[in-house]
Visitor: 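The structure that follows is given in the form of structure tokens.
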Amino acid sequence: MFRIVLVDDEREEQEGIAYLIKKYGYPLDVAFAGNGKEALHFIYQNEVDILFTDVKMPVMDGLELAKRVYEYDHDIKIVIFSAYGEFDYAKQALAANAVSYLLKPIELDEFRALMDNIMLTITAEKEEKRSREEKDRYYFNNILYKVFAMSKINAYEAGDLETYLFENGVFGRLIHIEFMDSFFDTGEEQFICCAEKYLGKNLNYIELYSNEAYILLSGKKPLSKRELTEQLGKVFRDVRGGILDSNQSMVIVSRTIATVEELLAQQERILHIQDEVFGYHDKIIFVEDYYTNAEHYVKDIELTAGELREAIDTLDAELIEKENKKLIKAIEESGQTSRIYIQNMLYSMIKILCDKVKPENLDELLIRAERLFQIKDPHGMLKEYQEAIGILTDQISLKEDRSGIVSEIKNIIELEYKKDIGLDFVADRVNLSPTYVSYLFKKETGQTLVKYITDKKMDRAKKMLGDRNLKVLQVAKSCGYENQSYFNKLFKNYFGVTPKQYRENL
């Protein structure tokens, strides 16, 4: 749908042309104005494709209006119509860059031929412009992607980007958005829609990963920090349906930028802050408010970390677990805290406990500790840390009672073999981590827990097959296998014959 403005100080003339537009089915949204000044104000406030104006009007005539509109937007098609058919008016209309000059009363065939031509021209120009803008956007987004992905751009690309983003005194702000989860896999379209609604359509959006993206805002007057904070809050409120999660996202906003050189410098600064800050906490961090040496050592974390070190010295598993929970809570509630600081502190806690416990699976635990420096997600980092601490405290509690634990595990299997049991089931029954249960059972018996369970089930199945009153399906279910086909295959792998063949050979 396109828009036409009909300008005439006589309402009957406006309605007559509007009637013809409707009669011939032109896809035009019609607006009316009674004089040139009124029409010019409307055009400044709205997107217009065609100006259809009379010549003689009060306040501002049609020729002056046409000149002013052409200066404002060359793409608007201007048609001047008048009851005055003198050659001077025609010459002035051409000087005002009108596409045509029509005489009143308007000839229907002439009107229709003119409008058909204008509509074809507008449609072709719009399509060409759309195609050109799409190609430009693709080209420049490709350059921006290279910038944000830390790939070098050449001098030509930098020059093109400078012109595209910052010519005619345009300023910008670079916004880095990082979600805790893979939000952009499903929410990208909604996010862009909300961003354009509250931040304006003059933005470039570049997705780097499923949880990370950049927005580059540009305009003659950049938004202030207060305005940006308010508008970004609305974006995140809408994309989450009004539900704010205090641990969901982190946003870093650059200083105002006006050159590609400043863009590159601010992006580097954003990456530095991103690496340094631990956690998401729905924070909006402005580069100008963030200080380089902000390691953010939090008093509560330091205090709880000291108490945990004292607990480790006692080798009291219960006390260690208690103090460790306090430390995790302090970290989770700390807000804007240095990622590097947290990583090093958690690593040191695992290392100190390893030195005290001297675990047999030391290499595995040290690998877990090193992995803390590779995990970006704070929840993933804390999960890795807690699993390592859990393994170590399990070993403290059970170091003197390994054989008793293994005996308990065997008893559980003996009693529960009729169920679909596995490592997690057994670990839960003995209140130990699956990793430690697996390690301990293999260490004490020389075979894996899974194989032991399967051996026990197969041995029971073989004995039960001696009872010809039981169907094979009953035997399978009695050994914890709901799927008879799977049971048959497993039995054959163990004994070289199917359950039916085994029974026939008895």
Side-chain angles (χ1 to χ4, degrees), residues 317 321 354 357-368 371 380 383-384 386-506:
E321 288 174 357
C354 281
V357 176
K358 296 181 173 49
E360 295 176 358
N361 56 338
L362 177 62
D363 290 343
E364 177 201 332
L365 289 162
L366 291 179
I367 289 171
R368 281 181 179 271
R371 203 179 294 152
K383 183 173 181 290
E384 188 75 29
Q386 286 176 290
E387 285 181 2
I389 296 296
I391 291 169
L392 286 162
T393 52
D394 283 348
Q395 292 197 35
I396 293 172
S397 301
L398 305 169
K399 206 162 189 180
E400 302 303 322
D401 192 24
R402 286 179 174 173
S403 58
I405 292 297
V406 171
S407 296
E408 185 181 353
I409 290 171
K410 288 180 176 180
N411 286 334
I412 290 169
I413 295 168
E414 186 71 30
L415 294 171
E416 307 286 356
Y417 74 91
K418 294 181 180 181
K419 298 179 181 177
D420 183 13
I421 62 174
L423 177 59
D424 288 339
F425 176 89
V426 173
D428 186 60
R429 289 289 296 272
V430 295
N431 296 313
L432 297 174
S433 69
T435 304
Y436 185 67
V437 167
S438 178
Y439 163 78
L440 179 61
F441 196 87
K442 178 75 180 292
K443 178 74 177 175
E444 292 296 308
T445 66
Q447 67 178 134
T448 66
L449 180 63
V450 173
K451 187 174 186 309
Y452 181 84
I453 292 171
T454 306
D455 287 348
K456 180 65 66 176
K457 286 173 177 283
M458 288 296 101
D459 184 59
R460 292 291 183 183
K462 188 170 67 170
K463 291 177 179 176
M464 292 177 73
L465 286 169
D467 184 351
R468 294 182 180 274
N469 292 321
L470 293 174
K471 295 180 180 179
V472 173
L473 178 59
Q474 290 177 298
V475 173
K477 288 186 175 182
S478 295
C479 294
Y481 300 105
E482 291 293 326
N483 188 316
Q484 185 179 335
S485 297
Y486 175 72
F487 170 72
N488 290 345
K489 183 177 179 182
L490 189 62
F491 191 92
K492 186 174 181 181
N493 287 340
Y494 257 71
F495 302 110
V497 291
T498 66
K500 184 178 179 182
Q501 290 169 339
Y502 175 82
R503 176 172 276 174
E504 289 172 353
N505 294 335
L506 285 176

Visitor: Check whether any side-chain heavy atom of K457 sits under 4.5 Å from a side-chain heavy atom of Y481, and report yes or no.
Guide: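 K457 reaches Y481 side chain to side chain.
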Visitor: Looking at side-chain heavy atoms only, is the closest gap between L365 and P359 below 4.5 Å?
Guide: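 Touching, per the 4.5 Å side-chain cut-off.
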Visitor: Working to the nearest 0.5 Å, report the span between CD of Q474 and NZ of K477.
Guide: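 Rounded to the nearest 0.5 Å, the CD-NZ separation comes to 9.0 Å.
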Visitor: In the structure I gave you, are the side-chain heavy atoms of T448 and L423 within less than 4.5 Å of one another anywhere?
Guide: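 Sidechains of L423 and T448: no contact.
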Visitor: Going by heavy atoms in the side chains, are I405 and E444 under 4.5 Å from each other?
Guide: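 Side-chain contact under 4.5 Å: no.
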Visitor: List the residues meeting ring-ring contact (aromatic ring centres under 6.0 Å, His included) with Y494, not counting sequence neighbours, and say none if there are none.
Guide: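 Testing Y494 for ring-ring contact (aromatic ring centres under 6.0 Å, His included), a comparison that skips the adjacent residues, returns none.
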Visitor: Could you list the residues that satisfy salt bridge (Lys or Arg N to Asp or Glu O under 4.0 Å) with K383, not counting sequence neighbours?
Guide: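 Partners of K383 under the salt bridge (Lys or Arg N to Asp or Glu O under 4.0 Å) test: E387.
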Visitor: Work out which heavy atom in P499 is nearest to a heavy atom in V472; give both atom names and the distance.
Guide: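 Shortest heavy-atom separation between P499 and V472 comes out as CB-CG1, 4.0 Å.
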Visitor: Quick test of your reading: applying ring-ring contact (aromatic ring centres under 6.0 Å, His included), list the pairs with at least one residue in residues 444-474, sequence neighbours left out, ordered by first then second residue.
Guide: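 Listed once each, the pairs are F441-Y452.
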Visitor: State the NZ-CG distance between K492 and N488, to the nearest 0.5 angstrom.
Guide: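 If we round to the nearest 0.5 Å, K492:NZ and N488:CG are 10.0 Å apart.
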Visitor: What's the separation between atom CD in Q447 and atom CD1 in I453, rounded to the nearest 0.5 Å?
Guide: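 The CD1 atom of I453 is 10.0 Å from CD of Q447, to the nearest 0.5 Å.
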Visitor: Are the side chain of R503 and the backbone of T498 linked by a donor-acceptor contact shorter than 3.5 Å?
Guide: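 No: the side chain of R503 does not pair with the backbone of T498.
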Visitor: Can you tell me if N483 uses its side chain to pair, donor with acceptor, with the backbone of Y486 under 3.5 Å?
Guide: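 Side chain of N483 to backbone of Y486: a pair is present.
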Visitor: Atom CG in L362, atom CD1 in I367: separation rounded to 0.5 Å?
Guide: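 These two atoms lie 10.0 Å from each other.
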Visitor: Between CD of Q395 and CG of L432, what distance do you get to the nearest 0.5 Å?
Guide: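 One finds 10.5 Å between CD of Q395 and CG of L432.
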Visitor: Quick one: pull up CG in N361 and CG in L366 and give me the separation to the nearest 0.5 Å.
Guide: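 N361 atom CG to L366 atom CG measures 9.5 Å (nearest 0.5 Å).
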Visitor: Any pair with a residue in residues 411-433 that passes side-chain hydrogen bond (donor to acceptor under 3.5 Å, both in side chains), sequence neighbours left out, goes on the list, sorted by first then second residue, please.
Guide: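 Of all non-adjacent pairs touching residues 411-433, those that pass side-chain hydrogen bond (donor to acceptor under 3.5 Å, both in side chains) are D394-S433, E414-K456, E414-R460, E416-K419, E416-R429.
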Visitor: Is there a donor-acceptor pair closer than 3.5 Å between any side-chain N or O of S438 and the backbone N or O of P434?
Guide: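 Checking the backbone N and O of P434 against the side chain of S438, no donor-acceptor pair under 3.5 Å is found.
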Visitor: Can you see which heavy atom on R368 is nearest to which on A388, and at what distance?
Guide: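 Result for this residue pair: CD-CB, 4.0 Å.
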Visitor: Check ring-ring contact (aromatic ring centres under 6.0 Å, His included) between Y502 and all other residues, then give those that pass, not counting sequence neighbours.
Guide: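 F491.
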Visitor: Going by side chain to side chain donor-acceptor pair (under 3.5 Å), name the residues that satisfy it together with K451, two or more places apart in sequence or in a different chain.
Guide: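 Scan of K451 (side chain to side chain donor-acceptor pair (under 3.5 Å), adjacent residues dropped) gives D455.
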